[in-house]
Enquirer: 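I'd like to ask you about the structure that follows.
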Amino acid sequence: MKGIVLSLSKKPAIKTIRLPGSGSLIKNYGLILLFAALLLFGLVGGALYAHCAGERFLKSLDFLFMTNLDARLKQGDFGIFCACFASDFIFLLSTYLFGMSLWGIPFIAAAVLFKGFGTGLTAGYLSMSYALSGVGFYLLVLLPGTFLFCVALIFFSAAAFRYSQQSFRAVFLEKPFPNAPRQTAIAFGSRFFTALIISFAACALDTVLWTCFAGTFKF
């Protein structure tokens, strides 16, 4: 009975929720925020540049970005998927190779910036050429898959940045890897394949949305 009375008299502990400070936020997610900012900066720049870019320049980038809607509309579902995946694969493979390089950090940032530029260029091109139909097409058909891939690219670019940085320090500053070099390389490779899987899912989503809704827009 005494034990029961004592247990009832104890007040339940109140758990406090602490929000992470700005210092810990930057430490844990600084690279992700940096690459997200680069992508957004490129997106704004691409959207603005689309209004003064020439038709030849836009068509020359159609392999990497969808800047020739007439040509894409003539492709079948498999062609649309292959075109989307080929573009995403080039960015992921480039980021992976830059991450394996000792001097890859500025090129990783440039790749993310260029992806944002192309994404903004596509959005600006569609809105400029097809007005509200182009805006609706981009928001409904292209944006979901593009957003999913951009998130994967941002996180993978942060991993590539760290690996390139660790390789540079190990070679020139004689600072060893935090883990075994082989284990670190395997972990970086597994992140590359994870990003590829997400890219595959993003392209499949693009294809499904294109098949279901592209016909509802009149261009």
Enquirer: If I take atom SG from residue Cys84 and atom CD1 from residue Ile80, how far apart are they, to the nearest 0.5 angstrom?
Expert: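 It is 7.5 Å, given to the nearest 0.5 Å.
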
Enquirer: With sequence neighbours left out, write down each residue that passes ring pair (Phe, Tyr, Trp, His ring centres under 6.0 Å) with Phe156, or none if nothing qualifies.
Expert: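 In terms of ring pair (Phe, Tyr, Trp, His ring centres under 6.0 Å), with neighbours along the sequence ignored, Phe156 is linked to Phe188, Phe192.
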
Enquirer: Which heavy-atom pair separates Ala185 from Tyr163 by the least distance, and what is that distance?
Expert: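 Nearest pair, atom of Ala185 first, then Tyr163: CB-OH, 3.4 Å.
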
Enquirer: Can you get from Phe114 to Leu93 by hopping between Ile, Leu, Val, Met, Phe, Trp and Tyr side chains that sit under 4.5 Å apart?
Expert: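 Yes.
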
Enquirer: Quick one, Cys212 and Val208 - any side-chain contact, counting heavy atoms below 4.5 Å?
Expert: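 Contact flag for Cys212/Val208 side chains = yes.
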
Enquirer: Quick one: side-chain contact (heavy atoms from CB on, under 4.5 Å) partners of Ile105, sequence neighbours excluded?
Expert: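 side-chain contact (heavy atoms from CB on, under 4.5 Å) list for Ile105, sorted by chain: Phe161, Ser164, Gln165.
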
Enquirer: Say you draw a straight line from OG1 of Thr95 to CD1 of Ile90; how long is it, rounded to the nearest 0.5 Å?
Expert: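 Those atoms lie 11.5 Å apart.
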
Enquirer: Specify the closest pair of heavy atoms between Leu38 and Ala109, including all atoms of both residues, with the distance to one decimal.
Expert: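 For Leu38 versus Ala109, the nearest heavy atoms are CD1-CB, 3.8 Å.
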
Enquirer: So do the side chains of Phe200 and Phe81 get within less than 4.5 Å of each other, counting heavy atoms only?
Expert: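 A side-chain contact under 4.5 Å exists here.
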
Enquirer: Quick one: list whatever passes ring pair (Phe, Tyr, Trp, His ring centres under 6.0 Å) with Phe147, sequence neighbours left out.
Expert: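 So Phe147 forms no ring pair (Phe, Tyr, Trp, His ring centres under 6.0 Å) with any residue.
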
Enquirer: When rounded to the nearest 0.5 angstrom, what is the spacing between CG in Leu43 and CG in Leu113?
Expert: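 It is 10.5 Å, given to the nearest 0.5 Å.
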
Enquirer: Going by ring pair (Phe, Tyr, Trp, His ring centres under 6.0 Å), name the residues that satisfy it together with Phe168, two or more places apart in sequence or in a different chain.
Expert: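 Partners of Phe168 by the ring pair (Phe, Tyr, Trp, His ring centres under 6.0 Å) criterion, ordered by chain and then number, come out as Trp103, Phe172.
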
Enquirer: Under a single-linkage rule joining Ile, Leu, Val, Met, Phe, Trp and Tyr whose side-chain heavy atoms are separated by less than 4.5 Å, which residues share a cluster with Phe78?
Expert: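 Members other than Phe78 - counting any ILVMFWY side chain reachable under 4.5 Å - there are none.
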
Enquirer: Between Leu142 and Thr146, which heavy-atom pair has the shortest distance, and what is it?
Expert: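 It is O-OG1, 2.8 Å.
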
Enquirer: Who passes side-chain hydrogen bond (donor to acceptor under 3.5 Å, both in side chains) against Thr211, sequence neighbours left out?
Expert: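 Result, side-chain hydrogen bond (donor to acceptor under 3.5 Å, both in side chains) vs Thr211: Asp77.
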
Enquirer: With hydrophobic residues grouped by side-chain heavy-atom distances under 4.5 Å, do Leu40 and Leu33 end up in a single group?
Expert: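 They do not share one cluster, since no chain of ILVMFWY contacts under 4.5 Å joins Leu40 to Leu33.
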
Enquirer: Quick one: does Ser94's side chain have a donor or acceptor within less than 3.5 Å of a partner on Phe91's backbone?
Expert: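 Side chain of Ser94 to backbone of Phe91, a donor-acceptor pair under 3.5 Å: no, none is there.
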
Enquirer: Taking all heavy atoms of Ile154 and all of Ala36, pick out the closest pair and write down the distance.
Expert: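 Answer, listing the atom of Ile154 first, then Ala36: CD1-CA, 3.7 Å.
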
Enquirer: To check you understand the geometry: which heavy-atom pair defines the closest contact between Ser157 and Val112, and what is its length?
Expert: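 Scanning both residues completely, I find the closest heavy atoms to be OG-CG2, 3.2 Å.
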
Enquirer: So, taking the atom named CG in Leu121 and the one named NE2 in His51, what distance separates them when rounded to the nearest 0.5 Å?
Expert: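 The distance works out to 10.0 Å.
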
Enquirer: Checking one residue: Leu48. Which other hydrophobic residues are in its cluster under the side-chain 4.5 Å linking rule?
Expert: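 Listed partners: Val44.
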
Enquirer: Taking side-chain contact (heavy atoms from CB on, under 4.5 Å) as the definition, give me every residue that meets it alongside Asp88, ordered by chain and number, with sequence neighbours left out.
Expert: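 Applying side-chain contact (heavy atoms from CB on, under 4.5 Å) to Asp88 gives Lys115, Phe149, Ser199, Cys203.
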
Enquirer: Check the pair Tyr125, Tyr49 against side chain to side chain contact (heavy atoms under 4.5 Å, CB included), reporting the backbone distance first and the verdict last.
Expert: CA-CA 9 Å; Tyr125 159 74; Tyr49 185 75; over 6 Å; no

Enquirer: Residues sharing Leu148's hydrophobic cluster, by side-chain heavy-atom contacts under 4.5 Å among ILVMFWY, directly or via others?
Expert: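 Its cluster mates, by chain and number, are Ile198.
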
Enquirer: Just jot down the side-chain contact (heavy atoms from CB on, under 4.5 Å) partners of Ala47, sequence neighbours excluded, or say none.
Expert: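 Not a single residue meets the side-chain contact (heavy atoms from CB on, under 4.5 Å) criterion with Ala47.
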
Enquirer: Working to the nearest 0.5 Å, report the span between CD1 of Ile108 and OH of Tyr96.
Expert: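 Here the interatomic distance stands at 12.0 Å.
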
Enquirer: Kindly work out whether a path of hydrophobic side-chain contacts (I/L/V/M/F/W/Y, heavy atoms less than 4.5 Å apart) joins Leu139 to Leu205.
Expert: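 Yes, it is one cluster - the side chains of Leu139 and Leu205 are joined through contacts under 4.5 Å.
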
Enquirer: Excluding sequence neighbours, so at least two apart, what forms side-chain contact (heavy atoms from CB on, under 4.5 Å) with Phe107?
Expert: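 Once residues adjacent in sequence are excluded, the partners of Phe107 under the side-chain contact (heavy atoms from CB on, under 4.5 Å) criterion are Phe98.
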
Enquirer: Decide yes or no on side chain to side chain contact (heavy atoms under 4.5 Å, CB included) for Val135 and Leu126, but give the supporting numbers first.
Expert: CA-CA 6 Å; Val135 174; Leu126 290 175; over 6 Å; no

Enquirer: Heavy atoms only: give me the nearest Asp206-Gly145 pair and the separation to one decimal.
Expert: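 Closest pair (atom of Asp206, atom of Gly145, distance): OD1-CA, 3.6 Å.
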
